[in-house]
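Everything on this sheet refers to the single structure shown next.
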Amino acid sequence: MKGARRGGEWNQWPGHWELGEDPGLPGPFSLQMNCWWEEERYPEGIKWKFLEHKGPVFAPPYEPLPENVKFYYDGKVMKLSTKAEEVATFFAKMLDHEYTTKEIFRKNFFKDWRKEMTSEEKSTITSLSKCDFTHMSQYFKAQSEARKQMSKEEKQKIKEENERLLKEYGYCVMDNHKERIANFKIEPPGLFRGRGNHPKMGMLKRRIMPEDIIINCSKDSKIPAPPPGHKWKEVRHDNKVTWLVSWTENIQGSIKYIMLNPSSRIKGEKDWQKYETARRLKKCVDKIRNQYREDWKSKEMKVRQRAVALYFIDKLALRAGNEKEEGETADTVGCCSLRVEHIKLHPELDGQEYVVEFDFLGKDSIRYYNKVPVEKRVFKNLQLFMENKQPEDDLFDRLNTSILNKHLQDLMEGLTAKVFRTYNASITLQQQLKELTNPDDNIPAKILSYNRANRAVAILCNHQRAPPKTFEKSMMNLQSKIDAKKEQLADARRELKSAKADAKVRRDEKSKKSVESKKKAVQRIEEQLMKLEVQATDREENKQIALGTSKLNYLDPRISVAWCKKWGIPIEKIYNKTQREKFAWAIDMAEEDYEF
DNA sequence: CGCTACACTTAGAAGTTTTTAA
DNA sequence: TTAAAAACTTCTAAGTGTAGCG
């Protein structure tokens with residue numbers, strides 16, 4: 001029924017103009033679009049000279065439920081006001097999710113929901129447990145089912161509408177380039193879903209209005225028009241920043257931005273720079289390592305703590321660990337914010353000396369669990385840092401990220417804690433590729449090696465994922481496929497054997513040909529079997545590990561490009577279309593002898 | 001310094017589309 | 001032709017790090 005709701009009438013205000021269709025530039029400029037890396041760079045601080053865009057796409061307005069969809073309170077039908085109903089639908093849509101069973105989620109939701117109610121509603125609805133959203137929930141399930149069952153034509157129509165929206169709002173002109181915008185749609189209202197044990201889960205994320213929006217573009221550009229009857233909060237022309245649109249979100253009070261796609265010049269250049277900084281670290285990392293080993297002996301506690309923390313950041317690729325406001329976010333830590341309760345010291349464990357057992361929640365509340373043998377000096381220092389402390393006390397009480405980064409800045413220009421993660425990730429990939437690639441392997445086996453190298457990095461960086469729900473089942477399916485293939489191979493071999501015997505007796509052309517074709521069949525099946533087995537290994541090893549994050553954010557793409565060129569692997573086997581767009585600069589510049 | 005505001009990168013989950021194979 | 005699985009895209013939360021202020 002209401003399939004094509006995206007981008008409601010709000011964005012169909014009059015006075016539309018085509019962006020980027022005819023920027024009034026001579027031909028060659030469109031060619032420059034995909035090779036910004038050959039252009040001159042801007043001086044420090046200036047991000048652009050010209051910026052023109054059409055502003056954001058707002059969330060579609062709320063459409064009240066049909067009359068026959070009921071909400072029940074205390075067993076009785078209750079008609080809700082539009083505002084209260086909208087918020088109720090947010091909860092109803094999440095009814096199957098574990099979130100809605102959590103005490104904090106329910107409490108936060110109910111508190112914010114009540115704020116949207118009329119005074120009568122408020123006095124009637126006093127307990128969330130008496131609310132029955134099941135009918136609403138069923139309605140939404142039916143809706144999504146109906147969406148799946150839509151005819152080809154209807155689906156096509158929606159697709160076209162999305163394409164139109166993308167064409168119109170999804171691009172901007174920055175200097176001489178037409179660039180893709182990453183997130184041109186404003187986040188719709190809904191219930192806040194934090195990660196892990198977030199104290200604000202379930203709170204109402206309010207609807208963003210044009211009056212909340214700050215537009216950033218150049219003075220001499222066509223300023224985007226707000227929807228009819230509305231005004232922007234502000235229009236500014238700040239070319240020291242890269243964002244096009246910003247607004248303040250109501251849960252944490254933080255600022256959200258609309259920025260460009262990773263394929264854009266402004267993102268790509270920065271990404272390139274990041275890897276260049278990491279390569280500079282490569283040149284001085286030995287010196288830095290010697291330095292912090294010396295500092296373990298310092299008579300200043302502050303220096304010792306700094307040196308041990310840096311050792312963890314370097315060896316274990318831990319994040320810096322900024323302080324966070326208590327009670328505002330989930331309780332997670334990084335290196336500098338580790339507490340005594342997050343590590344256990346084992347003078348001896350499983351035959352190893354001086355083992356540190358880490359157990360803490362990091363970014364996104366992903367658990368970091370690791371047992372690491374460390375040098376005696378580190379171990380002794382940790383014992384010292386933990387003396388006379390409570391479990392909830394800071395391990396590095398004389399240290400924070402600001403102190404650490406200031407020190408790093410002195411060791412190398414542009415050096416911060418996160419550069420170690422980038423450096424160690426990239427150097428590990430390069431090393432592992434060297435070690436694991438077997439020149440005699442075929443392409444699928446080489447790709448398996450690549451994935452294994454990638455996996456080593458993901459493990460280092462602790463990039464985890466929830467095992468796919470269907471993992472066990474799909475693994476079994478694959479195994480039975482392998483078994484079937486094995487039988488097929490045995491059959492093919494038998495046939496080959498008898499064909500050979502036959503040819504020996506008959507000695508004619510026809511039977512020789514038959515032997516040849518049977519040989520080929522055996523070979524083909526062997527290859528297929530091998531491919532399946534490789535696939536099974538790869539998948540099993542990947543069960544709980546996410547490769548994407550490191551590939552996208554930590555691995556110098558030139559290493560991968562060089563590896564592909566060296567071994568004749570098509571780049572498409574390693575990077576999909578989006579990734580190739582993001583790394584276009586690296587694909588263009590890296591030769592097979594590139595060294596990180 | 002220590003604080004906050006701001007800008008920008010990094011992150012896994014959820015949703016959607018494409019591919020595979022029965 | 002269908003359904004399951006895989007691949008890919010979108011979404012937006014959650015980090016890092018710097019600048020500017022008192």
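We name chains A, B, ... by the order of the sequence lines, and we start the count at 1 in each one.
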Plane angle bin for F91(A) and F105(A) - parallel if under 30°, tilted between 30 and 60°, otherwise perpendicular: tilted
5'-most by nearest nucleotide on DNA chain C - G362(A) or A182(A): A182(A)
Please tabulate the protein-to-nucleotide N/O contacts below 3.5 Å involving nucleotides 2-5 of chain C, giving atom names and distances.
from   : atom 1 : to      : atom 2 : distance (Å)
dA5(C) : OP1    : N477(A) : ND2    : 2.9

Below 4.0 Å: OP1/OP2 of dA11(B) and any side-chain N or O of R421(A): yes
Proximity to the side chain of T242(A) - top-ranked nucleotide from dA13(B), dC8(B), dT10(B): dC8(B)
Side chain of T578(A) - closest among dA13(C), dT9(C), dT10(B): dT9(C)
N197(A) atom CG: more than 12 heavy-atom contacts under 6.0 Å: no
Euclidean distance, atom NZ of residue K363(A) to atom P of dT12(C) [Å, nearest integer]: 17 Å
Nucleotide nearest N183(A) when distance is taken to its side chain, options dT12(C), dG15(C), dA11(B): dT12(C)
Geometric class of the F358(A)/F312(A) ring pair [parallel <30°, tilted 30-60°, perpendicular >60°]: perpendicular
Whole-Å distance separating the CG atom of N261(A) from the P atom of dC8(B): 16 Å
5'-most by nearest nucleotide on DNA chain B - K159(A) or T549(A): T549(A)
Closest listed nucleotide, where the reference is the side chain of V241(A) and the choices are dG15(C), dT10(B), dA7(B): dA7(B)
Sugar-phosphate, base or nothing in reach of A466(A), heavy atoms under 4.0 Å: sugar-phosphate
Nucleotide nearest A417(A) when distance is taken to its side chain, options dA14(B), dG17(C), dA13(B): dG17(C)
Residues in contact with DNA chain B, drawn from residues 300-323 of chain A - heavy-atom cutoff 4.0 Å: R319(A)
Pair D212(A) + K233(A): basic N to acidic O under 4.0 Å: no
Sugar-phosphate, base or nothing in reach of K270(A), heavy atoms under 4.0 Å: sugar-phosphate
Nucleotide dG15(C), atom P - distance to CZ of F360(A) in whole Å: 11 Å
Distance in angstrom units between K256(A) NZ and dG15(C) P, rounded: 13 Å
Between dT18(C) (P) and H407(A) (NE2): distance, integer Å: 15 Å
Touch class at under 4.0 angstrom, heavy-atom based, for F192(A) against every strand present: sugar-phosphate
Sugar-phosphate, base or nothing in reach of R465(A), heavy atoms under 4.0 Å: sugar-phosphate
Touch class at under 4.0 angstrom, heavy-atom based, for I251(A) against every strand present: nothing
dT9(B) OP1/OP2 closer than 4.0 Å to side-chain N/O of K267(A): yes
Side chain of K205(A) (C-beta onward), nearest among dA7(B), dG15(C), dT12(C): dT12(C)
Euclidean distance, atom NZ of residue K274(A) to atom P of dA7(B) [Å, nearest integer]: 21 Å
Phosphate OP1/OP2 of dT9(B) contacted by Y257(A) side-chain N/O (<4.0 Å): no
Centroid-centroid under 6.0 Å between H53(A) and Y171(A) rings: no
Whether F360(A) and Y368(A) hold their rings parallel, tilted or perpendicular, with breakpoints at 30° and 60°: parallel
Closest to the N405(A) side chain, choosing from dT18(C), dG12(B), dT9(C): dT18(C)
Sugar-phosphate only, base, or nothing, as touched by T332(A) at under 4.0 Å among non-hydrogen atoms: sugar-phosphate
D364(A), nearest nucleotide to its side chain (from dC6(B), dT10(B), dA14(C)): dA14(C)
Atom-to-atom span, NE2 of H198(A) to C1' of dG15(C) - whole angstrom: 13 Å
Touch class at under 4.0 angstrom, heavy-atom based, for G334(A) against every strand present: nothing
Sugar-phosphate, base or nothing in reach of Q464(A), heavy atoms under 4.0 Å: sugar-phosphate
Touch class at under 4.0 angstrom, heavy-atom based, for P188(A) against every strand present: sugar-phosphate
Residues R164(A) and E168(A) bridged, charged N to O under 4.0 Å: yes
Sugar-phosphate, base or nothing in reach of T329(A), heavy atoms under 4.0 Å: nothing
Upstream residue (5' side of DNA chain B) when N400(A) and H97(A) are each assigned their closest nucleotide: N400(A)
d(NZ, K324(A); C1', dT16(C)) in whole Å: 12 Å
Parallel, tilted or perpendicular: ring planes of W36(A) versus W585(A), cut at 30 and 60 degrees: tilted
Considering all heavy atoms, the nearest L399(A)-C336(A) contact: CD2-SG, 4.0 Å
DNA chain C: 5'-proximal contact among A330(A) and G414(A) (nearest heavy atom): A330(A)
Electrostatic pair E276(A)-R279(A), nearest N-O below 4.0 angstrom: yes
Sugar-phosphate only, base, or nothing, as touched by K148(A) at under 4.0 Å among non-hydrogen atoms: nothing
Salt bridge (charged side-chain N to carboxylate O under 4.0 Å, His left out) partners of K582(A), counting only residues at least two apart: none
Ion pair check, K324(A) and E328(A), cut-off under 4.0 Å: no
Under-4.0 Å side-chain N/O to phosphate OP1/OP2 contact, K47(A) with dC8(B): yes
SB check K47(A) D238(A) (cutoff 4.0 Å): no
